[in-house]
Colleague: 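Let me begin by handing over the structure; questions about it come next.
Residue numbering restarts at 1 for every chain, and letters A, B, ... go by the order of the sequence lines.
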There are 2 protein chains.
Amino acid sequence: MDRLFQALADATRRDIVARVLVAEYSVSGLAEQYDMSFAAVQKHVAVLERASLVSKEKRGREQIVRGEVDGVQRARRLLDDYERIWRQRVDRIEDILGEDEDRT
Amino acid sequence: MDRLFQALADATRRDIVARVLVAEYSVSGLAEQYDMSFAAVQKHVAVLERASLVSKEKRGREQIVRGEVDGVQRARRLLDDYERIWRQRVDRIEDILGEDEDRT
DNA sequence: CGTTTCTACAACCATGTGGTTGTACGTTAC
DNA sequence: GTAACGTACAACCACATGGTTGTAGAAACG
């Protein structure tokens, strides 16, 4: 989870994720999209790969990057849990208020 | 967004978020829960506050920390977008396969 | 073959992060 | 008033991060 959210905590990396979820890119193809060195983009891809947000597949001399929706879903599920926890508290509070109304 | 995901990229901070979504805690009340200094917990709370994941309210000499679900939702919505993007790609691929099936 | 392309990785630098301790200040309790 | 409590903040440290350049290997092209 740490690595997952850490990977998402960078605008360039979030953009890479959005791109490779739509279409396949080679690492150099991605590097062309950004105003930074190839090595920098390569590092970003490595961070995303360690977080299971993308996967790489060797194709000839290129490395094809694909988006992995599983990682996205793992993160989303945690946030869903948080929202669920929050709603349960709200419901509990409303229950208490409801009981008060019954009595008044 | 950077600050949001950055804030979530730490297990202690995620635990704090989960706690304060359920119930209110003072900063020192939170600090008791963890095996680290008060100042460290205080910093974590500050990070969460800057990310709009919690809010603080002064009550006497204590500072009450509450969970803010809006921040959670902002993050979740982005991940929802990613999943939607991914599903559209899958649908597109299935459409292409469907067309093939029509022709064969 | 040699050259170009794509990739990987190391070394380096500036800055940020997660932790510590220490100090200071407002609030509560005695 | 004084002591204890809760908080804030600065200074410091070790380490991670995001960027750079440089070097080197594997695959494609002439």
Side-chain angles (χ1 to χ4, degrees), chain A residues 1-20 22-68 71 75 78, chain B residues 1-20 22-68 71 75 78:
Chain A
M1 273 297 172
D2 287 20
R3 268 177 299 177
L4 230 178
F5 284 108
Q6 179 62 37
L8 289 167
D10 180 279
T12 303
R13 285 197 293 263
R14 286 197 302 276
D15 193 74
I16 291 176
V17 169
R19 283 180 189 276
V20 299
V22 173
E24 295 181 342
Y25 280 81
S26 68
V27 179
S28 53
L30 281 171
E32 288 170 10
Q33 313 292 325
Y34 305 101
D35 187 26
M36 64 180 76
S37 69
F38 172 84
V41 174
Q42 192 185 343
K43 276 196 189 179
H44 282 308
V45 173
V47 170
L48 290 170
E49 196 179 13
R50 263 185 294 139
S52 306
L53 282 166
V54 309
S55 64
K56 286 191 299 188
E57 184 199 352
K58 201 164 187 175
R59 190 136 85 206
R61 69 181 159 186
E62 292 186 333
Q63 200 82 255
I64 303 300
V65 183
R66 265 192 271 93
E68 290 289 333
L78 182 82
Chain B
M1 272 298 172
D2 286 20
R3 267 176 299 176
L4 230 177
F5 284 109
Q6 179 62 39
L8 289 167
D10 180 278
T12 303
R13 286 197 292 265
R14 286 196 303 276
D15 193 74
I16 291 176
V17 169
R19 283 180 189 276
V20 298
V22 173
E24 296 182 341
Y25 279 82
S26 68
V27 179
S28 53
L30 281 172
E32 289 170 10
Q33 312 293 324
Y34 306 101
D35 187 26
M36 64 181 76
S37 68
F38 171 83
V41 174
Q42 191 185 345
K43 276 196 188 178
H44 282 307
V45 173
V47 170
L48 291 170
E49 196 179 12
R50 265 185 294 139
S52 305
L53 282 166
V54 309
S55 64
K56 286 191 297 189
E57 183 199 353
K58 201 163 186 175
R59 190 138 84 205
R61 71 182 158 186
E62 291 186 334
Q63 199 82 255
I64 303 301
V65 183
R66 263 191 272 95
E68 290 289 332
L78 182 83

Colleague: Hey, where does DNA chain D pair up into stems, meaning at least three consecutive Watson-Crick or G-U pairs with distances under 3.5 Å?
Modeller: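 Paired runs of 3+ in DNA chain D: C:1-30 with D:1-30.
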
Colleague: Hey, does the side chain of B:E49 reach the backbone of B:S55 with a donor-acceptor pair shorter than 3.5 angstrom?
Modeller: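 No: the side chain of B:E49 does not pair with the backbone of B:S55.
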
Colleague: If you apply the rule side-chain hydrogen bond (donor to acceptor under 3.5 Å, both in side chains), what do you find for B:S52 with B:E68, and how did you get there?
Modeller: CA-CA 7 Å; B:S52 305; B:E68 290 289 332; over 6 Å; no

Colleague: Could you give me the CA-CA distance, side-chain angles and deciding distance for A:V20 and A:L53, then say whether side-chain contact (heavy atoms from CB on, under 4.5 Å) is met?
Modeller: CA-CA 10 Å; A:V20 299; A:L53 282 166; over 6 Å; no

Colleague: If you assign B:K43 and A:H44 each to the DNA chain D nucleotide with the nearest heavy atom, which residue ends up on the more 5' nucleotide?
Modeller: B:K43

Colleague: Contacts to DNA chain D from residues 1-11 of chain B, heavy-atom cutoff under 4.0 Å, which residues?
Modeller: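 Residues of residues 1-11 of chain B that come under 4.0 Å of DNA chain D do not exist, since none gets that close.
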
Colleague: So B:T12, base contact, sugar-phosphate only, or nothing? Heavy-atom distance under 4.0 Å.
Modeller: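 The answer is nothing, as B:T12 stays clear of every strand by at least 4.0 Å.
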
Colleague: Applying side chain to side chain donor-acceptor pair (under 3.5 Å) as the test, list every pair that has at least one member in residues 5-14 of chain A; sequence neighbours left out.
Modeller: A:R13-A:H44, A:R14-B:D2

Colleague: Does A:R3 CZ have over 12 foreign heavy atoms under 6.0 Å away?
Modeller: no

Colleague: Would you kindly give the OH-to-P distance between A:Y34 and D:dG18, to the nearest whole Å?
Modeller: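 That distance rounds to 14 Å.
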
Colleague: Whole angstroms only, please: what is the CE-P distance between B:M36 and C:dT20?
Modeller: 7 Å

Colleague: Could you give the distance from CE (B:M36) to NZ (B:K43), rounded to the nearest 0.5 Å?
Modeller: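 Taking CE in B:M36 and NZ in B:K43, the distance rounds to 11.5 Å.
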
Colleague: Does A:S28 make a side-chain N or O approach to OP1 or OP2 of C:dT5 shorter than 4.0 Å?
Modeller: no

Colleague: Say you draw a straight line from NZ of A:K56 to OG of A:S26; how long is it, rounded to the nearest 0.5 Å?
Modeller: 11.5 Å

Colleague: Quickly work out the A:E62 CD to D:dC29 P distance and round it to whole Å.
Modeller: 10 Å

Colleague: About how many Å separate CG of B:L78 and CG of B:L4, when rounded to the nearest 0.5 Å?
Modeller: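 So the gap between those two atoms works out to 9.5 Å.
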
Colleague: Rounded to whole Å, please give me the gap between CG in B:D35 and P in C:dG18.
Modeller: 17 Å

Colleague: Tell me, with the steps shown, if A:I16 and A:Y25 meet side-chain contact (heavy atoms from CB on, under 4.5 Å).
Modeller: CA-CA 9 Å; A:I16 291 176; A:Y25 280 81; over 6 Å; no

Colleague: Just how far, in rounded Å, is C1' of C:dA11 from CD of A:Q42?
Modeller: 15 Å

Colleague: CG of A:L48 versus P of D:dG18: gap in Å, rounded?
Modeller: 10 Å

Colleague: Tell me which residues in residues 49-56 of chain B put a heavy atom below 4.0 Å from DNA chain C, sorted by number, or none.
Modeller: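 Here the set is empty: none.
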
Colleague: Could you tell me which residues satisfy salt bridge (Lys or Arg N to Asp or Glu O under 4.0 Å) with A:E57, sequence neighbours excluded, listed by chain and number?
Modeller: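 Once residues adjacent in sequence are excluded, the partners of A:E57 under the salt bridge (Lys or Arg N to Asp or Glu O under 4.0 Å) criterion are A:R66.
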
Colleague: Quickly work out the A:E57 CD to C:dC6 P distance and round it to whole Å.
Modeller: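 To the nearest whole Å, that distance equals 17 Å.
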
Colleague: Quick one: what's the B/S/- string for nucleotides 21-30 of chain C, heavy-atom cutoff under 4.0 Å, read 5' to 3'?
Modeller: B-----BB--

Colleague: Mind calculating the distance between CD (B:Q33) and C1' (D:dG6) to the nearest angstrom?
Modeller: 16 Å

Colleague: If I compare all heavy atoms of B:F38 with all of B:A31, which pair ends up nearest, and what's the gap?
Modeller: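 Looks like CD1-CB, 3.8 Å.
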
